[in-house]
Every structure is written in structure tokens, then in C-alpha cells.
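Contents: one structure, followed by commentary.
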Amino acid sequence: EHIQPYLDYFSAHPGWAIVVIFLIAFGEALLIIGLFVPSTVVLVGAGTLVGTGHLDFWPVFIATAVGAIAGDQVSYWAGRLFGDRLKLYWPLSRYPALVAKGEDFVRNHGGKSIAVGRFVPGVKAVVPGIVGMLGMSQPFFVFVNVTSGIFWAAAHVFPGILIGQGLALAHRPAIERAMVQPLEDIHARIAHAARIAGRKAEEITLVAVSKTHPAEAIAPLIAAGQRVFGENRVQEAQAKWPALREEHPDLALHLVGQLQ
């Protein structure tokens, strides 16, 4: 129930979804602020939508990794710029116990604290700033920050992809029944109406409007023989129809937004 609002929003606004994913990953890596950012829920949710075909993998993965790397880099710069004085400023001044815990963590783990700290609740919100305060060199920090940021992104996105693929697989038979059976019923009604009107059913074109459904979701209709589709928005058509037309050159697409 916690993840569903994010899934609904990302599905309806794929462009804004990438912006939100970046901001969530970025905010999660900022000093202290990361304690209050629901990164795991949002990023696993984004991965789930990749698995179901609602979002593309590379934009989601890159936004997650770059956001995490940028957030840690900003925190590190804050530590280098202000040094120990940073502990006297908000928000670190509100969490002295957490800062002390982070300092102990860095002393115990050294350079690898940046990578390990990403996955440790609590200290992950202060480690980049602390290593900056302690004077860790910029080149070394960048190397560990980038490599660990990529692994951190994978650890959030890939489980979501597996969840999404499992959900899609589990729901596929139900989706096929829900889509193909009504299609057959509509064709039967068209044939019946055509006989009454003294026309041939072949003269009547059925346009299936796919709207926000991804290419995988309308595949059962294509397999059942549907060849004419409609889209409300140009963006949705551009996202899925080039690949579909390459696989099925006989498909026809109409933009029907003005007709609704």
C-alpha cells in the first residue's frame, strides 16, 4: 500500500518520474536530510515499473546512480569547506550522537567507509561529510563514490525489476483473458450489427485505444489479430510504437486524442 501511490504517479508521468528518481537518490545522500527521504520505497518502486515495462531501464538506473553520487559529493564538499565547524551548523548540530557514531564508523573502516556506509542505516547520512571533514583526498573519494554509487543504484533498482517481472508474469494470463475475450465479443457484435445493416463486417474497422498501456500489455491483442490501434498522446506513441511497428509492420496507428 505504501508503494502504490509512487507506482501510479510514475506510470502516468514517465518524464517526471526520472526527475523524481534523481531527486530522491540525491536527497537520500545529503547530510542528515537523507534520514527522512523514502529512497528504498521509491527506487524499488521505480525498478518494479521497469520490470513491468512502464519505465525504461537506463534512464531510471542512470538517474538513481547520478543522484546518489551527486548527493554524496555535495556532502563531502560541505565537510571539506567547513571542516569541524560543520558539526556546529544545522542540521548536524541537532544530531551530535549520530555524528559521533559516524566518526567512529569512519575511523574503524577507513576509506571503505564510503562504500560500506551507503548500506548502513543512520551513518550513511553523515559519512560523506565526515570524510570530507577529516581531509580525505578528492580523487580517492570520487573513485569510491562513483563505484559504490553504481552498486547502490543496482541494489535498489534490480530487486524492483525482478518484482515487476514476477508481477507481470503472474498477471499475464488474467490480462490476456481480460483483453482477448472482450475483443472477440466486440468483433461478434460488429458482425451482428453489420448483418442487420446489410454490410460486410470486413468493411468496419475496430480501433483499439491502448492509452498508457505498455507494449507488453497490448501484445495479447496483437497476437489475437488486432492490427489497428489508437493513442491519445504523441509521447506515448513515440515511446512504444517504433519497436512494435518493427516487429509487426502491418500495424496501423491513429492519434485519437481530439476525438475523445
Side-chain angles (χ1 to χ4, degrees), residues 1-3 5-6 9-10 13 15-47 60-157 160:
E1 67 183 277
H2 298 295
I3 205 171
Y6 301 106
Y9 182 85
F10 285 176
H13 307 88
W16 278 108
I18 303 304
V19 176
V20 172
I21 290 167
F22 170 82
L23 292 176
I24 289 292
F26 178 78
E28 195 272 349
L30 289 179
L31 281 169
I32 301 299
I33 295 172
L35 293 172
F36 308 102
V37 178
S39 59
T40 300
V41 171
V42 176
L43 299 177
V44 172
V60 169
F61 186 78
I62 291 173
T64 302
V66 172
I69 292 166
D72 268 16
Q73 184 63 65
V74 169
S75 298
Y76 168 84
W77 280 335
R80 286 297 296 267
L81 178 63
F82 294 102
D84 283 340
R85 289 177 297 149
L86 186 63
K87 293 186 285 187
L88 304 177
Y89 301 145
W90 184 93
L92 264 66
S93 60
R94 299 283 302 275
Y95 300 89
L98 179 59
V99 173
K101 184 178 179 180
E103 289 177 323
D104 290 339
F105 185 85
V106 171
R107 292 190 182 97
N108 290 334
H109 296 281
K112 66 178 181 292
S113 62
I114 307 164
V116 176
R118 283 192 185 274
F119 301 91
V120 179
V123 297
K124 67 179 181 180
V126 295
V127 164
I130 289 172
V131 298
M133 284 189 284
L134 295 177
M136 178 178 288
S137 71
Q138 173 72 67
F140 180 80
F141 177 83
V142 168
F143 172 75
V144 180
N145 183 29
V146 171
T147 53
S148 64
I150 292 171
F151 279 105
W152 183 86
H156 284 75
V157 174

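- The structure places OG of Ser113 at 9.5 Å from CG of Asn108, a figure rounded to the nearest 0.5 Å.
- Of all heavy-atom pairs between Ser148 and Ile114, the closest is OG-O, 4.4 Å.
- Counting heavy atoms from C-beta outward, Ile130 and Phe105 have side chains that stay 4.5 Å or more apart.
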Let me have the donor-acceptor pairs involving side chains of residues 92-104, under 3.5 Å, with sequence neighbours excluded, atom names and distances please.
{"from": "Ser93", "atom 1": "OG", "to": "Tyr89", "atom 2": "O", "distance (Å)": "3.4"}
{"from": "Glu103", "atom 1": "OE2", "to": "Lys87", "atom 2": "NZ", "distance (Å)": "2.9"}

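- Taking NE2 from His109 and CZ from Arg107, the interatomic distance works out to 13.0 Å, rounded to the nearest 0.5 Å.
- Atom CD of Gln138 is separated from atom CH2 of Trp77 by 6.5 Å, given to the nearest 0.5 angstrom.
- Put simply, the side chain of Glu28 reaches to within 4.5 Å of the side chain of Lys124, judged on heavy atoms.
- Asp72 has its side chain within reach of Arg118: a pair of non-hydrogen atoms, C-beta onward, lies under 4.5 Å apart.
- Between Ala78 and Leu31, the closest heavy-atom pair is CB-CD1, 4.2 Å.
- For the residue pair Ala25 and Thr64, the shortest heavy atom distance occurs at CB-O, 3.4 Å.
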Start with the C-alpha gap between Val66 and Phe26, add the side-chain angles, then the distance that decides, and say whether side chain to side chain contact (heavy atoms under 4.5 Å, CB included) holds. CA-CA 8 Å; Val66 172; Phe26 178 78; over 6 Å; no
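- Qualifying side-chain hydrogen bond (donor to acceptor under 3.5 Å, both in side chains) partners for Trp16, counting only residues two or more places apart in sequence or in other chains: none.
- Once rounded to the nearest 0.5 Å, the distance linking OG of Ser75 with CD1 of Ile33 reads 8.0 Å.
- Taking the side chain as every heavy atom from C-beta outward, Asn145 and Gln73 approach each other to under 4.5 Å.
- Every residue meeting the side-chain hydrogen bond (donor to acceptor under 3.5 Å, both in side chains) condition with Arg80, not counting sequence neighbours, appears here in chain and number order: Tyr76.
- Note that the CD1 atom of Ile18 and the CD1 atom of Ile21 stand 4.5 Å from one another [nearest 0.5 Å].
- Pairing each heavy atom of Leu30 with each of Gly71, the nearest pair is CD2-O, 3.8 Å.
- More than 12 non-hydrogen atoms from other residues, nucleotides or ligands lie less than 6.0 angstrom from CZ of Phe119.
- Atom CD1 of Ile150 is separated from atom CZ of Phe61 by 6.5 Å, given to the nearest 0.5 angstrom.
- The aromatic rings of His156 and Trp152 lie tilted to each other, with the angle between the two planes from 30° to 60°.
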